Each structure stands twice: as structure tokens, then as C-alpha cells.
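Each remark here refers to the structure printed beneath this line.
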There are 2 protein chains.
Amino acid sequence: MARKTEQRRWIRHVFQTTERPLTPQEVLTRAQRHISGLGIATVYRNLKSFNEEGWLKAVELPAEPTRYELADLDYHHHFQCDDCGRVYNIPGSPNDMASLYPENYQVSRHQVLLYGQCAECTAEATTHHLENAAVASL
Amino acid sequence: MARKTEQRRWIRHVFQTTERPLTPQEVLTRAQRHISGLGIATVYRNLKSFNEEGWLKAVELPAEPTRYELADLDYHHHFQCDDCGRVYNIPGSPNDMASLYPENYQVSRHQVLLYGQCAECTAEATTHHLENAAVASL
DNA sequence: GTCGTTGCAAAGCGTTTGCAGCCTA
DNA sequence: TAGGCTGCAAACGCTTTGCAACGAC
């Protein structure tokens, strides 16, 4: 059934060389470095089928486009940086939440989301702060 | 500045008489019982301004339209029913999650989402099951 | 009467789909 | 060569915006 195309090859490559969930746009941008003619529709179609065949897993965050990551990663939470918007994977345990389950509903799964500032943006902010301080001290 | 209109009056009323976060569509449907001519654009505009003035708070869930709820509710988690899609408020404490915060990022807030089957849908499913059992026994 | 507010329709925006041509097997 | 795959453009669904009429004060 499924044929091996250049497009698919490079979309796969993108996920094999990254460590965080990616949006369709991010995938397109990264894959286009290798096949410039790649269209966004092809990206959407392949993300969907990779997801259905179980190679990718959808990562959905509030008010954000659906991201995707490799399906075989260990259990983890997600962290989104308020500054750059990137989403990172955070180690965690599925049992962290058991005590929070209400009794009147049948809870079958949960999702934990963390928000704040990532290491990179924290460093950047510090640098700018120092730069500004330097300017101010002139 | 802000004028008292019938539209606003009834949109407010909707939130004062419900106990769970509502989508713009749900707000429209409920408010139209009192002002039939109400337009969806007016609902969006007012939800936005109520949110900005701090009377409402946005409740964002993955792959779902933004819902709104009264801003002065106690801290709680959200639970979405896989069957009916309704979102319910669940008691909880902001401290539940402290132990999950990673050290390499500046975590400033978190969100906990629970998914499963609500009491109403569980009851409904049981009823149907009994009905089917009854039919099967004929 | 002023100008904030509303309803309608059009515009946006991200995602999906129809279709003709392309390319894998 | 058959038919799955792709790129383009149109279609979609939800949300926002432009605009003329309306109505609160």
C-alpha cells in the first residue's frame, strides 16, 4: 500500500532528529530544507497517517495547533514556554495524578501542562538584561 | 463607557445560572431563549470584554473552542466527558503539582485536565445497556 | 444628538479536500 | 501501467472585523 516517497522520507527525518513536539508548520519548514517544493497539505496528510499507523502521537495543547511527537517515547508531561511558544517534554509518572481523581466521574486519563520560561529564553532575557544594564551605565 | 444592553444582560445571566465552563455557541443558544435576535458576533465580543474586565475567565482545552467561566471561582481542575464533550469543574489544590515541576525551567503555572465519562453519560450508558439487555432477552 | 453596541456579511486563518498530474512499484 | 501520492487551489469551520443602523444616556 504505502509507497516510499521523498516527501515522507524527509518528514520522518524531521522527527528522528528533534526532541520536542512539532507543529505542522515547524515540520514543513524543517522538511523544506531538503525538499523545497513540499506543500503544507502533504505535511498535514502525512502527519495524520503517521499518527493513525501509530508511529507519531498527537500532542494537543489549549489554543495551540496540534503538535506531533514520536509515539514510543516514555511517559512525560509537556511544558510550554510563554516567551518562545516551544513545547518541551518533561519527565513524569502516570501516577502523579491518581489522588486528584474525583469520585463522581469515571476518569480514564489525564493531562498535565506546565507553563513558564524555558532555559533558552531565561538565558536570553538575562543577556538582554545585562545589555540594557550596560547601556544604562554608559 | 459600557452601556447596559439587553444582550449583555442576558449573556451575564447565562453565566450566573450555570456551573460549568461554556463555549460561545452554548452561550448563544442559552441567551437566545431570552433574546432571539442575538448574533454570534455579539457573544464573541462580549465574552472577550467580560474576560478583559476580569468578570469572566477563559478556559482553554486542547482541540476545543475557548470556554468561559466566572472568574471568582475557587481553584479547580477541569474534567471533560469523552461522550458528551461537556466540561465540568473539579475541586483541587494549586499545590497538587509542585512536586512535578522540573528544575531546568522557570515554571510559573500549570493546568490539570481530566478525561473520562461524566455521571450523566455513565447513567445513560447503563440505561441503554439495560434496554439492550431487555431487548436481547425477548 | 453622541457614540458605544449590535446584526449581518465579508474577511481571516489554520486545516481539509477535490482534482489533475506525477511517480513508485 | 495502475493507483497511491503530491501540489495547488478551493472549500470549511470557527472567530474576527467592517459597516450601517440602532439605542442607551
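Computed from a prediction, not measured in an experiment: that's the story for all the values here. The sequence lines fix the lettering, A, B, ..., with proteins before strands; numbering per chain opens at 1.
Distances shorter than 4.0 Å separate none of the side-chain N or O atoms of A/Gln7 from OP1 or OP2 on C/dC23. The shortest distance between the side-chain N/O atoms of A/Thr5 and the OP1/OP2 oxygens of D/dG4 is not below 4.0 Å. Regarding contacts with the backbone of C/dG7, a side-chain N or O of B/Thr42 is found under 4.0 angstrom from either OP1 or OP2.
Aromatic ring orientation, B/Trp55 versus B/Phe50: perpendicular (interplanar angle above 60°, classes split at 30° and 60°). Between B/Tyr105 and A/Phe79, the angle of the ring planes stays under 30°, which puts this pair in the parallel group of the 30/60° scheme.
Comparing A/Val43 and B/Lys4 against DNA chain D, the residue whose closest nucleotide sits nearer the 5' end is A/Val43.
Summarising the geometry, the separation between CZ on A/Arg3 and P on C/dT24 is reported as 9 Å, rounded to the nearest angstrom. Between A/Arg12 atom CZ and D/dC5 atom P there is a gap of 12 Å when expressed in whole angstrom units. Whole-Å rounding puts the B/Ile11 CD1 to C/dT5 P distance at 12 Å. One atom, CG of B/Asn46, and another, C1' of C/dG7, lie 13 Å apart when rounded to the nearest Å. Rounded to whole Å, atom P of C/dT5 lies 14 Å from atom NZ of B/Lys48. Computed from coordinates, the B/Glu6 CD to D/dA24 P distance equals 8 Å when rounded to whole Å. The distance between atom CZ of A/Arg9 and atom P of D/dG4, rounded to the nearest whole Å, is 20 Å. When rounded to the nearest whole Å, the span between CD1 of A/Ile40 and P of D/dA11 equals 20 Å.
Once rounded to the nearest 0.5 Å, the distance linking CG of A/Leu28 with OG1 of A/Thr42 reads 9.0 Å. In this structure, CD on B/Gln16 lies 8.0 Å from NE2 on B/His13, to the nearest 0.5 angstrom.
In this model, no side-chain donor or acceptor of B/Arg8 finds a partner on the base of D/dG23 within 3.5 Å. You won't find any donor-acceptor pair under 3.5 Å spanning the side chain of A/Arg45 and the base of D/dG4, going by distance alone.
Cluster partners of A/Tyr115, using a side-chain heavy-atom cutoff of under 4.5 Å among ILVMFWY residues and allowing indirect links, are A/Val59, A/Leu61, A/Val87, A/Leu113, B/Val59, B/Leu61, B/Val87, B/Leu113, B/Tyr115.
Looking at residues 20-38 of chain B, you'll see B/Gly37, B/Leu38 sit with a heavy atom under 4.0 Å from some atom of DNA chain C.
Contact check for B/Gln25 versus B/Ile40: side-chain heavy atoms found under the 4.5 Å cut-off.
A salt bridge does not link B/Arg8 to B/Glu53: none of the charged side-chain nitrogens sits closer than 4.0 Å to a carboxylate oxygen.
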